[in-house]
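Worksheet for the structure shown next.
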Number of protein chains: 2
Amino acid sequence: MKIALAQLNYHVGNFESNTAHIIQHIKKAKENGADLVVFAELCICGYPARDFLEFSEFIEQCETSAQKIAAECTDIACIIGLPIPNNKPEGKDLNNSAYFIENGKVKAIVNKALLPNYDIFDEYRYFEPSTEFDCIEFKGKRIALTICEDLWNTIENPLYITRPMDTLIQQKPDVMINIAASPFAYNHDEERIGILKDNAARYNLPLFYVNHVGAQTELIFDGGSLVFDKSGKLIDELPYFEESLTYYTLGENGDVSFAHPSTVKLERDSDITQIHDALILGIQDYFHKSGFSRAILGLSGGIDSAVVCALAAEALGPENVMAVLLPSKYSTDHSIKDAEDLVANLGCMSQTIAIKDITDAFENALHPQFKDLPFNIAEENIQSRSRAVLLMAMCNKFGFILLNTSNKSEAAVGYGTLYGDMCGGISVIGDVYKTQVFELARYINRNGEIIPQNSIVKPPSAELRPGQKDSDSLPEYDVLDAILAQHIEHRRSAKEIIAMGFDEATVRRAIRLTNLAEHKRYQTPPILRVSPKAFGMGRRMPIVGKYLQ
Amino acid sequence: MKIALAQLNYHVGNFESNTAHIIQHIKKAKENGADLVVFAELCICGYPARDFLEFSEFIEQCETSAQKIAAECTDIACIIGLPIPNNKPEGKDLNNSAYFIENGKVKAIVNKALLPNYDIFDEYRYFEPSTEFDCIEFKGKRIALTICEDLWNTIENPLYITRPMDTLIQQKPDVMINIAASPFAYNHDEERIGILKDNAARYNLPLFYVNHVGAQTELIFDGGSLVFDKSGKLIDELPYFEESLTYYTLGENGDVSFAHPSTVKLERDSDITQIHDALILGIQDYFHKSGFSRAILGLSGGIDSAVVCALAAEALGPENVMAVLLPSKYSTDHSIKDAEDLVANLGCMSQTIAIKDITDAFENALHPQFKDLPFNIAEENIQSRSRAVLLMAMCNKFGFILLNTSNKSEAAVGYGTLYGDMCGGISVIGDVYKTQVFELARYINRNGEIIPQNSIVKPPSAELRPGQKDSDSLPEYDVLDAILAQHIEHRRSAKEIIAMGFDEATVRRAIRLTNLAEHKRYQTPPILRVSPKAFGMGRRMPIVGKYLQ
């Protein structure tokens with residue numbers, strides 16, 4: 001039996017394009033003699049469809065698309081994922097389902113049993129878990145078809161009380177197929193390979209695993225679909241961050257063979273390489289799927305905006321990136337020079353708009369109220385917000401999308417101005433700690449200087465008052481980032497982090513600042529997610545709460 | 001047996017104040033001879049604690065608080081709600097639990113079985129559902145204790161496949177007690193009474209129901225705890241939007257008696273009365289629980305900012321409200337007059353800051369880019385954003401919190417400026433449609449004019465260009481609001497709404513605008529929730545999606 005794995009980039013709610021894309025790959029697989037082509041979980045509607053799933057018309061459109069696809073399935077079978085109405089009177093209204101389509105008809109329906117409902121996942125908001133499991137007979141083989149999380153309950157301290165494969169294995173399947181929507185995080189590929197390898201070995205069956213590729217706002221799917229033999233050996237690994245259609249032959253004895261060279265990675269890509277590739281795809285899909293092509297950003301001469309500008313130029317082409325220098329009276333000459341050097345290196349568009357007259361106008365207008373009160377954060381923020389007004393005016397006049405350039409360290413501790421530098425349509429590096437931003441800059445420069453060396457080596461500064469440095473008000477970033485990672489990614493309390501050897505006052509301050517900044521993060525753009533715990537939909541903290549403050 | 005119901009206002013994560021507040025009411029109930037005092041669901045940590053629940057130290061603090069409370073329970077029993085570790089190896093790490101405490105010790109633990117995971121609820125993110133149900137013996141009575149949603153599965157097309165009371169009733173209980181965290185929506189009191197009445201009658205048992213009161217950022221709990229006799233008759237209804245401690249005697253035959261006059265409402269309060277009272281409590285708790293006392297807002301002379309200003313003055317005292325008039329060259333004289341009249345009627349603070357010099361400075365700075373391109377939304381938004389910069393500067397200098405004054409109709413269709421009038425710490429009327437804002441204004445004026453009549457009767461306008469009216473670009477609000485309610489509250493598609501008799505082009509445009517504005521709403525403040533479907537945590541829509549656009 002010849003099986004094709006289709007690792008594709010879908011668009012949430014875009015039935016027309018998703019359906020056409022699936023049909024195109026069915027045709028191609030048929031031309032190449034495949035008996036079965038496998039698409040990803042919920043591919044019909046894209047993932048995550050979120051509360052679109054609460055519209056019954058949306059569910060009807062999924063079924064309509066599935067029927068169009070079924071009509072194409074002559075002389076080839078396919079597996080697609082879609083939400084369908086729960087046919088039982090009790091429970092949630094939907095199932096997260098897979099259709100096995102053969103001879104133009106839906107031959108079997110498999111419903112997902114283990115519904116992830118943590119971090120960015122909300123599946124129990126919509127779906128009723130399945131309690132019935134049956135293998136599918138096809139061309140003399142018995143297929144154990146499961147959906148994503150259904151194979152993820154093999155770990156210690158399991159999250160669910162059942163394990164679908166333990167039922168399915170009793171029906172003596174010949175092969176496992178798992179369709180997934182498993183988003184990227186820089187450490188997720190290894191975890192995924194480990195879990196699936198364990199399944200193949202545990203059940204002594206070959207395993208075909210198909211993932212999404214492509215970004216849906218903040219969530220980036222990295223692809224990396226996988227094939228294991230029945231000993232649990234990884235025998236093929238599809239490319240990351242790009243589409244793929246590959247073919248395998250499942251032999252009589254359960255052996256898997258294929259004609260193309262195996263692309264199993266001999267060593268894993270570094271975290272920074274993966275993050276870089278993920279951010280490029282995240283930027284591209286944000287723009288393409290929302291129908292925009294041109295980005296704008298404020299370029300300060302610092303490392304954060306430099307890295308974002310370089311990533312945007314790579315993702316969209318430098319001709320589609322507008323860098324705006326917005327110097328104030330506190331901007332240093334070297335910052336302006338560093339920004340100009342970057343623009344020259346990238347070949348992107350640029351403009352310079354000085355903000356002094358604007359901040360003067362604000363300060364004059366406020367003089368009756370402020371009188372002679374000392375310069376403080378009010379005046380600092382006026383600078384940052386004046387820049388945001390200018391950048392948004394450029395967006396409104398010329399159709400750019402503003403890229404936010406805040407990094408995860410400053411987003412954590414609230415070192416940024418709400419409605420100022422925290423503006424933007426999408427946050428590019430809001431899930432990248434400052435220490436990782438430096439690594440990204442060096443990675444971007446791997447084949448020659450793009451980001452000026454001076455932007456990398458000089459001490460970080462917001463330049464909102466004379467001589468200001470980040471280290472005036474924050475711990476050094478290597479210490480801060482280590483504390484933040486323990487608190488945010490690992491949900492460790494101050495007491496636990498102090499016990500790891502960090503300075504008590506520094507830990508308490510970092511955690512307090514992080515939780516006091518919740519109200520700011522609530523109003524900031526979606527953040528491209530590259531870590532196992534990003535700010536945004538996967539981290540839901542009270543605003544008016546007292547704990548950790 | 002004498003039972004006290006304690007309907008209290010908790011603060012999420014504030015263990016010190018919650019624990020002290022509970023202990024104080026245990027002492028008071030003991031002084032008044034109660035045998036048992038009942039507190040609400042998850043009262044120890046407040047509701048919703050959200051991802052605080054993922055910190056194991058947070059769970060330990062809950063247990064520490066419970067032990068402090070237990071030490072006070074001599075000569076009186078109490079029921080409290082708290083998260084506890086799941087003692088089974090499989091499943092989620094926590095249970096949503098109730099402790100029955102007697103003689104200083106935890107005598108029984110009840111775990112919640114039906115975990116709401118829709119709209120604003122995320123309980124399956126944290127908790128494993130219970131599958132074991134046992135009554136509690138106390139002073140010769142058998143108590144069927146359940147937690148909130150556990151009694152809500154009696155409706156048609158039930159959301160869950162089990163019903164805990166069907167197991168408990170087999171143990172022949174004498175009384176039902178339900179502890180809850182059931183947030184306000186203007187139609188929720190009737191639904192709640194109906195469901196609970198049905199339970200009392202179905203199981204032929206008296207029922208005591210204790211709810212939270214008080215707001216936690218956007219969620220407002222209205223109290224309204226309830227007592228039913230075993231025929232299902234509502235015999236007492238605790239006050240709404242305030243704390244209460246009341247006493248009941250459960251007789252030998254299951255009859256419930258009490259010494260105070262019953263406060264069962266003879267008729268339900270109007271929606272607008274309820275919304276008004278909810279918003280007042282929502283504003284108060286947002287400020288008090290976040291440690292601020294003074295509000296600021298921009299006052300345009302229009303109805304939205306007038307209503308918010310009046311609500312803030314009532315909630316915080318007019319001496320704590322700063323209204324800022326920010327006229328531009330497009331502001332009309334009557335708008336300035338209407339704003340001044342309101343300030344005079346309320347007795348709040350006010351300042352006037354003209355924005356012309358600021359917007360001129362922006363336009364001059366942008367002239368090299370904008371050249372002679374025609375005035376458009378770029379210049380309109382510069383006005384709105386300049387006002388936001390001024391208001392935020394006042395916040396930064398003087399410690400105000402900015403109130404957002406956007407209504408639900410404009411938040412829906414994106415008729416507002418991101419980083420401009422969409423700014424603020426909390427949105428007061430973001431869940432109130434424009435037509436309801438007019439009703440609120442009339443309600444605020446019920447005892448005499450507070451909001452100038454002219455603000456109520458004049459055609460709504462953003463005044464960002466000469467002669468502008470909302471109706472230039474939007475349908476009339478009575479039509480728009482009816483369409484939006486069908487789409488947002490009832491998740492109806494364009495086709496369904498058109499079939500109800502609305503104009504096709506108007507419906508398609510309203511729905512398209514609503515879904516195109518998702519990226520704006522993502523970055524706006526939390527919205528005080530007064531309807532069954534508010535923008536914010538209870539409505540989770542894709543941003544880069546295609547459906548409905």
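Below, read A as the first sequence line, B as the second, and so on, with proteins coming before strands; counting in each chain starts at 1.
With a 4.5 Å cut-off on side-chain heavy atoms, A/H11 and B/K546 count as touching. The shortest distance between side-chain heavy atoms of B/I382 and A/V389 falls below 4.5 Å. Looking at B/F52 and A/P542, their side chains come closer than 4.5 Å, going by heavy atoms from C-beta outward. Counting only heavy atoms from C-beta outward, the side chains of A/L373 and B/K397 approach each other to under 4.5 Å. Two residues are said to be in side-chain contact when any heavy atoms from C-beta on lie closer than 4.5 Å; B/F370 and A/F398 meet this criterion. Put simply, the side chain of A/Q61 reaches to within 4.5 Å of the side chain of B/Y547, judged on heavy atoms. Between A/N396 and B/R385 there is a side-chain heavy-atom pair separated by less than 4.5 Å. Between A/H519 and B/I401 the shortest side-chain heavy-atom distance does not fall below 4.5 Å.
Residue B/P368: no heavy atom, backbone or side chain, is found under 4.5 Å from chain A. Only the backbone of B/D119 comes within less than 4.5 Å of a heavy atom in chain A; its side chain stays farther off. Using a 4.5 Å cut-off between heavy atoms, A/T131 does not touch chain B at all. The contact between B/E496 and chain A is made entirely by side chain atoms (from C-beta outward), counting heavy-atom distances below 4.5 Å. When heavy atoms are compared at a cutoff of 4.5 Å, B/P158 approaches chain A by way of both its backbone and its side chain. For A/P89, the part lying near chain B is the backbone, with the side chain staying farther off; criterion is any non-hydrogen pair under 4.5 Å. Within the 4.5 angstrom heavy-atom criterion, only side-chain atoms of A/K533, from C-beta onward, approach chain B. When heavy atoms are compared at a cutoff of 4.5 Å, A/N515 approaches chain B solely by way of its side chain, counted from C-beta outward. Residue B/A393 touches chain A through both its backbone and its side chain, counting heavy-atom pairs closer than 4.5 Å. For B/N153, no part lies near chain A; criterion is any non-hydrogen pair under 4.5 Å. Proximity to chain B is absent for every atom of A/N86, based on heavy atoms less than 4.5 angstrom apart. For a residue to count as touching a neighbouring chain, one of its non-hydrogen atoms must lie under 4.5 Å from one of that chain's; by this rule B/E218 touches chain A with the side chain only. A/F292 does not touch chain B: none of its heavy atoms, backbone or side chain, sits under 4.5 Å away. For chain A, the nearby part of B/I353 is the side chain; its heavy atoms alone come within less than 4.5 Å. Contact of B/I426 with chain A is not made at all, since no heavy-atom distance falls under 4.5 Å. Contact of B/E128 with chain A is made through the side chain alone, with heavy-atom distances under 4.5 Å. Residue B/P129 does not touch chain A at all, counting heavy-atom pairs closer than 4.5 Å. For A/S290, the parts lying under 4.5 angstrom from a heavy atom of chain B are both the backbone and the side chain. Only the backbone of B/A49 comes within contact range of chain A, judged by heavy atoms closer than 4.5 Å.
Atoms CZ and CD1, from A/F362 and B/I358 in turn, are 4.5 Å apart once rounded to the nearest 0.5 Å. Put simply, CZ on A/R539 and CZ on B/R50 are 11.5 Å apart, with the number rounded to the nearest 0.5 Å. With rounding to the nearest 0.5 angstrom, the CG atom of B/D357 is 11.5 Å from the CG atom of A/D360. How far CG of B/L159 is from CG of A/D93: 7.5 Å, rounded to the nearest 0.5 Å.
Judged by distance alone, the side chain of A/D51 and the main-chain N or O of B/R540 form a donor-acceptor pair under 3.5 Å. A donor-acceptor pair under 3.5 Å is formed between the side chain of A/Q523 and the backbone N or O of B/G424. The closest donor-acceptor contact from the side chain of B/T217 to the backbone of A/V544 lies under 3.5 Å.
Remark: aromatic rings of A/H490 and B/F55 are distant, center separation not under 6.0 Å.
Counting heavy-atom pairs under 4.5 Å between each of B/R125, B/E90, B/E380 and chain A puts B/R125 at the top. With chain B as partner, the option from A/K495, A/M537, A/R492, A/K520 having the largest number of non-hydrogen pairs under 4.5 angstrom is A/R492. The candidate from A/G91, A/G425, A/A365, A/S17 with the greatest count of non-hydrogen atom pairs under 4.5 Å with chain B is A/G91. When each of A/M392, A/Q216, A/K92 is checked for heavy-atom pairs under 4.5 Å with chain B, A/M392 comes out on top. For the set A/K289, A/M422, A/M541, A/Q369, the entry with the most heavy-atom pairs within less than 4.5 Å of chain B is A/Q369.
Ring geometry for B/Y419 versus A/Y419: interplanar angle of 30 to 60°, hence tilted.
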